[in-house]
Amino acid sequence: MPVPDELSHDEGTGGRDRKERPEGTAAQHNPIAPRFATIILTSALLSYLGITALNIAGAGLGPLPMAICLLFLIAIFALQLQHSRPGADQVSPLRKWVTLSAQALLTYLPVMLFDSQWGAMAGFLAGSLLLLLPSRLGWPLYGVVGLSMLAPPAIDGRPLIDSIYLFQSTLLTGLVVYGLSRLSSLVRQLHETKNELARMAVTKERLRISRNLHDLMGYSLSAITLKSELIHQLVLTQPQRARAEIEDVLSLSRQSLADVRRVSRGLRDMSLQSELASVTVLLEATDVQVTTEVRLDELDPEVNTVLAAVLREAITNMLRHSRATVCSIKAVQDTERVRLVVTNDGVTPVHRDTSQDSGAGLQNLALRLRSVSGRLTVAHGSDGTFQLTAEASVTSVPGPRAAGADTGRHPGAEEPSTLPWTSPAA
């Protein structure tokens, strides 16, 4: 059977995209924005260091003091880069105090040699205190560092305005260092969060497509398989009925192709009433006696789609995992909730699906029902009966994540059969 152009084109493009843009490509691991923020921070730090070096060079000191000044500036620059990097506040307290103490020594000891010209480096210390320490401790110490810079100009006998200037410039430098460091960290976190959200969106889309394909195609393929087996039995003895069944298989095949295309729209246009009619025809064609009880009004589209998917999966599981002869379908709606109950017989321990992948239909349905504040339960009777019950709100209301769904068997437990139907053969 030839592949439609739309599907072959999408598949080919998808394969090409996976080769050209695999997960973890340069688009995700080339963080231009974080690098740019780091460059701005580093440039600002180097600018402050350069201003200090120029001020000291203008004081007319000899080569040895200038060499010592450069060594001190390099050491402070290295410490400040450590303090300004993302996550620096998460290191051990001992390491914080060791590096802060080293920066404090490199801030205050050179004042004895370079006088007020070295005072600008106090702004780096003030910014580091804000970056590494809790707010209740960092901000008071930040103010203490600023006040300490009132002393050097006074000791040198300079006017009061110089003390005020050094005090103000120290606090301003501290704020600039703190702000640029935090900004660089936030830009990096934002970039990482964006990549994580993109990965989560891809994963969520893959899960959605997987669930939709399972819910859509499981029913159609099971129906095609059963009808093909029926045609094989009827083709010689009842050719007219076999011809009618072939028409049904062709119709199911076309519908399956349409369902595959519809997966991209998220299963938003399924109807419980339509599925009831479809599964009834299918079960009758496979010689399963069907009884239905339907009392439905207008349903929310999302609830309608979810319940239609539940019905499809219930019938698919029945056809794959049982030798059912009777089936009851009940869909009842009241003012607040709608309830779908599917019951069948023929569940025996010796009849199992032999495929390697038996699917995860009930888990998928439980997740779908949670999205509309619903709940899925299953019950196994000791006489080989199986009952699936799905309840949901009449209107689509997001359900809490804690809302569970009992979809598993309890080993060794058998529940008494309290089934809301009567077999026609009884």
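- L100 has its side chain within reach of L133: a pair of non-hydrogen atoms, C-beta onward, lies under 4.5 Å apart.
- Using a 4.5 Å heavy-atom threshold, the side chains of M318 and L283 count as touching.
- Using a distance-only test at 3.5 Å, with no hydrogens or angles considered, no donor-acceptor pair links the side chain of K330 to the main chain of V341.
- Y142 is linked by a ring-ring contact (aromatic ring centres under 6.0 Å, His included) to W139, counting only residues two or more places apart in sequence or in another chain.
- With values rounded to the nearest 0.5 angstrom, S128 atom OG is found 9.5 Å from I76 atom CD1.
- Smallest separation of non-hydrogen atoms from I315 and I329: CD1-CD1, 4.4 Å.
- When all heavy atoms are compared, the tightest approach of L276 to T280 is O-OG1, 2.6 Å.
- Summarising the geometry of A122 relative to V145, their closest heavy-atom pair is O-CG1, 3.5 Å, with the distance given to 0.1 Å.
- Here the shortest heavy-atom pairing between A392 and V303 reads CB-CG1, 4.2 Å.
- Side-chain atoms of V294 and Q273, non-hydrogen and from C-beta on, do get closer than 4.5 Å to each other.
- Here the CG atom belonging to L282 is positioned 5.5 Å from the CG atom belonging to L319, to the nearest 0.5 angstrom.
- N55 places a side-chain N or O within 3.5 Å of a backbone atom of I51 that can act as its donor or acceptor partner.
- How far CZ of R95 is from CD of Q90: 12.5 Å, rounded to the nearest 0.5 Å.
- Note that CZ of R323 and CG of N344 are 13.5 Å apart. Values are rounded to the nearest 0.5 Å.
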Run the side-chain contact (heavy atoms from CB on, under 4.5 Å) test on V372 and D300 for me, step by step, so that the C-alpha distance in whole Å, both residues' side-chain angles and the decisive distance to 0.1 Å come before the verdict. CA-CA 10 Å; V372 291; D300 180 90; 5.9 Å; no

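- A salt bridge does not link E196 with K194: none of the charged nitrogens is closer than 4.0 Å to a carboxylate oxygen.
- The shortest side-chain heavy-atom distance between M121 and T52 falls under the 4.5 Å cut-off.
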Show the numbers, then the answer: is there a side-chain contact (heavy atoms from CB on, under 4.5 Å) between L388 and V310? CA-CA 9 Å; L388 179 145; V310 170; 3.7 Å; yes

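- In this structure, Y48 and V176 have side chains that are in contact, with non-hydrogen atoms separated by less than 4.5 Å.
- Residues S393 and E336 bring no donor and acceptor atom of their side chains to less than 3.5 Å of each other.
- Proximity of V338 to L296: side-chain heavy atoms (C-beta onward) are separated by under 4.5 Å at one or more points.
- Formation of a donor-acceptor pair under 3.5 Å by the D89 side chain with backbone atoms of L131 is not found in this model.
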Quick one, Q387 with V378, criterion side-chain contact (heavy atoms from CB on, under 4.5 Å). Give me CA distance, side-chain angles, the key distance, then yes/no. CA-CA 6 Å; Q387 184 180 75; V378 297; over 6 Å; no

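- Evaluation of the side-chain contact (heavy atoms from CB on, under 4.5 Å) rule for L105 yields L109 as partners, not counting sequence neighbours.
- Of all the heavy atoms in T38 and S184, the pair that sits closest is OG1-OG, 3.6 Å.
- You'll find the side chain of L46 reaches within 4.5 Å of the side chain of T42, heavy atoms only.
- Under the rule for a side-chain contact (heavy atoms from CB on, under 4.5 Å), V281 has no partner lying at least two apart in sequence or in another chain.
- No donor-acceptor pair under 3.5 Å is formed between the side chain of S185 and the backbone N or O of P86.
- Using a 4.0 Å cut-off between charged nitrogen and carboxylate oxygen, E391 and R339 count as a salt-bridge pair.
- The shortest heavy-atom contact between V288 and A324 is CG2-O, 3.6 Å.
- Going from atom OG1 of T225 over to atom CG of L230 covers 12.5 Å, rounded to the nearest 0.5 Å.
- When the side-chain hydrogen bond (donor to acceptor under 3.5 Å, both in side chains) test is applied to T325, the partners found at least two apart in sequence or on another chain are D345.
- Interatomic distance, OG1 of T305 versus CG of L272, reported as 10.0 Å (0.5 Å rounding).
- Among residues at least two apart or in separate chains, side chain to side chain donor-acceptor pair (under 3.5 Å) pairs with a member in residues 168-181 are S84-S181.
- Within the structure, every pair that satisfies the ring pair (Phe, Tyr, Trp, His ring centres under 6.0 Å) test and touches residues 75-116, not counting sequence neighbours, is listed here: F114-W118.
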Audit row: L311, V279, side-chain contact (heavy atoms from CB on, under 4.5 Å) steps and yes/no: CA-CA 8 Å; L311 180 59; V279 300; 4.1 Å; yes

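- Looking only at side-chain heavy atoms (C-beta outward), L197 and R199 stay at 4.5 Å or farther from each other.
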